[in-house]
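Structure, as structure tokens:
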2 protein chains.
Amino acid sequence: MKQKPILPVLRELAKAYQAFESYSAMHVRTMELTPPQFDIIATLGNTSGMPLKELGEKSLITKGTLTGIVDRLTIKKLVRRVSSPIDGRSQIVQLTKKGEALFARIFPAHLAHIEEAFVELSAEDLSNMQKALSQLREVFTKAHLQNKASI
Amino acid sequence: MKQKPILPVLRELAKAYQAFESYSAMHVRTMELTPPQFDIIATLGNTSGMPLKELGEKSLITKGTLTGIVDRLTIKKLVRRVSSPIDGRSQIVQLTKKGEALFARIFPAHLAHIEEAFVELSAEDLSNMQKALSQLREVFTKAHLQNKASI
DNA sequence: TATTGTTATACTCTATAACTATA
DNA sequence: TATAGTTATAGAGTATAACAATA
């Protein structure tokens, strides 16, 4: 029972993502940011900041690692830490003025850079892609949760 | 002119890939391999070996990094280096007996582990996904090449 | 006791560039 | 001169676990 061509789908997923990553990373590095650092800036953009815990959940980065990334962004004066007024254990991370300015400058540029690549696709193409991808994600998410639950 | 919903597609791509990666990495780590190490084993599996150069092209890992990864796999006695008989500069990397045994043991298990996640998808779903993904990859690959060419 | 975040450790990967030995 | 691979360097991310402060 090995009719379903799953492997080609996985290969395509990996290749599509790597192509995106490499295209995106090239542009991100011109901003003197690493991809994880760019993720954090993008997550914090247009918000008033959020606890490190929440930032970790949104970016899928574990707390120990995140402390290091936030440290490096703090050194660059792009984010700051503020103690939470409600919870003494919690640190809220937010963009500084400089971080906001960077976000405002690079995020549209980053998007425009990526949009360039999409000019030839129709709205329908995009909608099909979105459907296929969300279906794919669901498959893994469900399976992952099941595995975790069965430990 | 910002009608096309590109951002959702990108988000879905990233999430789908991360879900896959995290699902896959969980299983890979039970084999005492890192994801890049698993990639190399999987690339070498069912071949008689290949030059480091070719291995780097297939796995998208640059030569300096690859030397380190192959070193670690050599220490684990999973791969070996053999000087090329044709080109004195070239080192051919191939699986050892132990590496072949590992590949034979883990690769089907890894696939089975992933296939579990796909039981509910039809062949048509898979075919649609594959099309959408290859289209997506092409978009980035083309754009990337254009950018490189324009440097 | 549980949770938030930091610190510490040790390792892997990464980019980059200089270097060697062959071609 | 160009290419294959190694070595060197420095940094960045990762997993993991112990820890402090607070809830």
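Computed from a predicted model, the values in this text were never measured in an experiment. All chains are named by letter (A, B, ...) in the order of the sequence lines, taking the proteins before the strands, and each is independently numbered beginning at 1.
Screening residues 44-68 of chain A for salt bridge (Lys or Arg N to Asp or Glu O under 4.0 Å), with sequence neighbours left out, gives A/Lys53-A/Glu57, A/Glu54-A/Lys58.
Across C/dC13, D/dA2, D/dA21, the shortest atom-to-atom separation from the side chain of A/Arg89 is found for D/dA21. Distances were taken from every side-chain heavy atom of A/Lys63 (C-beta onward) to each of D/dG5, C/dA15, C/dG5; the shortest belongs to C/dG5. The side chain of B/Thr62 approaches C/dA15 more closely than any other nucleotide in the set D/dT14, C/dA15, C/dT14. Out of C/dT12, C/dG5, D/dA23, the shortest distance to the side chain of A/Asp87 is found at D/dA23. In this structure, of D/dA4, C/dG5, C/dC13, it is C/dC13 that holds the atom nearest to the side chain of B/Ile69. Of all nucleotides listed (C/dG5, C/dT6, C/dC13), C/dT6 comes nearest to the side chain of A/Thr67. Side chain of B/Gln91, nearest nucleotide from D/dT6, C/dG5, C/dT14: D/dT6. Distances from the side chain of B/Gln37 to the nucleotides C/dG5, D/dA23, C/dT12 place C/dT12 closest.
Residue B/Lys76 is the one, among B/Lys76 and B/Gly64, whose nearest nucleotide of DNA chain C lies closer to the 5' end (criterion: closest heavy atom). Residues B/Thr65 and A/Thr65 both approach DNA chain D. Their nearest nucleotides, taken by heavy-atom distance, put B/Thr65 toward the 5′ side.
Distance CZ (A/Arg80) to P (C/dG5): 17 Å, rounded to an integer number of Å. Regarding A/Leu52, its CG atom lies at a distance of 17 Å from the P atom of D/dT22, rounded to whole Å. The interatomic distance linking A/Met50 (CE) with C/dT4 (C1') rounds to 16 Å, in whole Å. Rounding to whole angstrom units, CD of residue B/Glu57 and P of D/dT3 are separated by 12 Å. At whole-Å resolution of the value, NZ in A/Lys53 and C1' in C/dT6 are 16 Å apart. A/Leu73 places its CG atom 10 Å from the P atom of D/dA12, with the value rounded to the nearest Å.
Using cut-offs of 30° and 60° for the angle between ring planes, the A/Phe103 and A/Phe107 rings count as parallel. Between A/Phe140 and B/Phe20, the angle of the ring planes lies from 30° to 60°, which puts this pair in the tilted group.
With a 6.0 Å radius and a threshold of 12 heavy atoms from other residues, nucleotides or ligands, A/Asp71 has its CG atom above the threshold.
Atom-to-atom distance recorded for A/Ile114:CD1 and B/Ile6:CD1 is 8.5 Å, nearest 0.5 angstrom.
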